[in-house]
Amino acid sequence: MNKTGKNIVKKATALGLIVLTVLFFILSSIYIWRTSFTGSIQIGLGELSSDKYKVVGITPLGKEAQFSKYDYFYFDDSYRLLKEIHIKIDADIGIKQHLIIDKNNYKTLEKENPQLSIFIGSNGTKTSKHIVNFIKFLLRKSWVVFVVLMLLLSLVFSVFSRKDLVKISSKAKKLIREKPRLIASIYLGISLTIILLSGTINWSNNVISGHTPDQVDYQNMAVNQKLDYGVGVSGQICQNTDYKIIFSDKEAIKNNKIIAKRLDRFPAYSFSLGLIYKITGIQPIAIKILQFIILLLIVTTLPILGKEIWDKKGFWAGIIVIPPIFLYLSPYVEIFTADISTVLINILSLLFYIKTRKNFNYKNSLILGLLLGFGLLFKPSLLIFIILLFIDLSILAFFKQRKKVKEFLMLIIAFFVMWLPYNIYAINYAYNDKLVAQKILNEIDKKNYNIDEINKLTNAYYIGNKELKISVEDIEHFKTEIEPSFNKRNFIVLEEESTEGQLQLSFLLYATKHSHIFFLMRYHGSTGIMDINNEYVTNSHPNNSWAFDSTSFYLNDNLQDKSELFRVLNFYWNNPKKLSEISLQKLNNYFENIAPAIPLIILIMVFFNTLYLKKRNRKKTLLSILISIFILGFLIFVPSYKSLVLIFSLLHLYFSEKGKEFFNTPIIFILINLFIFPLATFGNSRYLIYYDFVLFLLSGLLIVELFSLICNYKVKLKDEIY
């Protein structure tokens, strides 16, 4: 193509992009202006059955969007923008037959109709949040278009505008070299200002249970600790205290009834909240501010971690990903779980692991050991990583650097000093708990039991609850229904209609059978590992349906006296196909929120295409394009394999000629932990944030590498098309 032809193509492309951008901006502005609601929305009618009504959202274009259904609630958390919400009643249940909720009346409707429960994360006044959620919704629904556009643009620039692109990149590189701090400050300042103005964090002085029901336990334990009922005691014990919880889901209401010493909840987080409440009073806003500071520490540490791994390129990779990871983690600031704290601990653990490998001294060993032990008290998210780390450092200390044995022992001692005391306490407490619970159940088993003595013992057992009354009816129901069911299934079924007395007797029975705690993990009221490895598992969610189906594998394996692990291994031995099926379900659920993975996959494809174009290697360029098409095809047409596509893309990058520059031992270990963790657990996508900062950093590094490739492009004086 001659110079005139190239100029026409460039001008046409530029004009087309300008027209599309302006059109998109105008239409988007109109769409957002007509929006009333977006974000997290939940609608409920008290205890009434949800099959008597339905909830639909009306989009700004007038189309209907169905809400999802869960027990008594309808909800929508898709970031879809809505103009109105319609509640259509199928039967007369005491409110108007048809209600329309808009931004002007949803609070009024809630007051006029006590049965109506409306929880809306953002209302019509927060236009900035509508803009953010609109972008999220577009990326979630139209990411395929985004991928195709990215690839087309990279091709257009690589073929038709290489010379201009090189000139611009070279000037930018020169400016970065001359004034790196100024460029980084401007980039971060603009990005974080936009994020903060978008209002992504809810700063209300309450805990909203809808984000995750686990919050109820952590908040209650913190409040009870502040009120001197003890450490790790759940349930709303003090009826005269405002626990500052807004209940917006049924599971949270159920959790709120559990008054017990929760050894299945990791202690460091709730203990930390309790200490803060001792100082500030019961003020959840104080926790949110603290977690916001932790988020700032996370994004501040990322460039340091990047530099430790990949030197200067890693530092700029960390700088580049600060805005997206800040936006990605900001919703966790207002969630009362150990998630945001765990991310920081994991980043610091990886940082000091790398430092220890480079300089195996007492200081680094001490800090690393304390961090790993402290991390287990928050969440055992790095369990596999820790095992690999100890093996790696032991080889380093005993075989490669034999003079580092004392330093390695310092690491082990620091780890156990931090982690072991509470674990010993928890096991000891559970053992004593078992003895006391057994004593109460022995009283119940007596032919002529004394109901007053049973209530006296039970009230002493349940800390802080002095008004608990177990009736004769509760005991009879326990003997005829609860205990036989437990003996058959090996876990407690918490029924919605259960009385307080029946609930407490259930927990007493559970305490007599499940008193051992290893690695601070205890499945409260369920069989844990069997519930996530059976023929009824779908989307990796725990499923105990096997216990209620007489034809299920576990009820017919004749191994009731064996350990759960042995029974699970036996299940897969007899059903080998289920291993791959269930594993894929777990990975897919885990990577359901694949936000950091999709950009990484795109960047890997663009990186290889650019690399081989630069080297003018026709065969490898063609192969890279074919692989890109293959990967894109899987993402579009077989989305159930998105987790495997990510694994394939990472392996493709690892085995490339630059793979050793991207992956070192610590990074490989954290990635192994990332993929094995969901297979060993139920694969909650929320847990992905514990490790995917590495995916963000890899994305940032690829951007730096692409920039470097463009800057170093050798453009001939004579224009030509490769």
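All values derive from a computational prediction rather than experimental measurement.
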Closest non-hydrogen contact found for Cys238 with Leu227 is CB-CD1, 3.9 Å

Of all heavy-atom pairs linking Ser341 and Phe378, the shortest is CB-CE2, 3.8 Å

All heavy atoms of Tyr277 vs all of Lys226, minimum pair found to be O-CG, 3.4 Å

Measure the shortest side-chain to side-chain distance between Val343 and Tyr332 over non-hydrogen atoms and say whether it is less than 4.5 angstrom. no

Judged by modelled atom types alone, do Asn206 and Tyr243 share a side-chain donor-acceptor pair under 3.5 Å? no

Nearest non-hydrogen partners of Pro284 and Lys244, listed with the distance: CD-CD, 3.3 Å

Are any of the side-chain heavy atoms of Phe292 and Ser330 separated by less than 4.5 Å? no

Ile298 and Ile340 have their tightest heavy-atom pair at CD1-O, 3.7 Å

With no hydrogens and no angle check, just 3.5 Å: does a side-chain donor-acceptor pair link Ser381 and Asn346? yes

Does a donor on one side chain and an acceptor on the other come within less than 3.5 Å for Asp339 and Tyr687? no

Might you point out which heavy atoms bring Val537 and Gln585 nearest each other, and give the distance in Å? O-OE1, 3.0 Å

How about Phe336 and Tyr269: are their ring centroids closer than 6.0 Å? no

Return the orientation label for the Phe630 and Phe648 ring planes: parallel under 30°, perpendicular over 60°, tilted otherwise. perpendicular

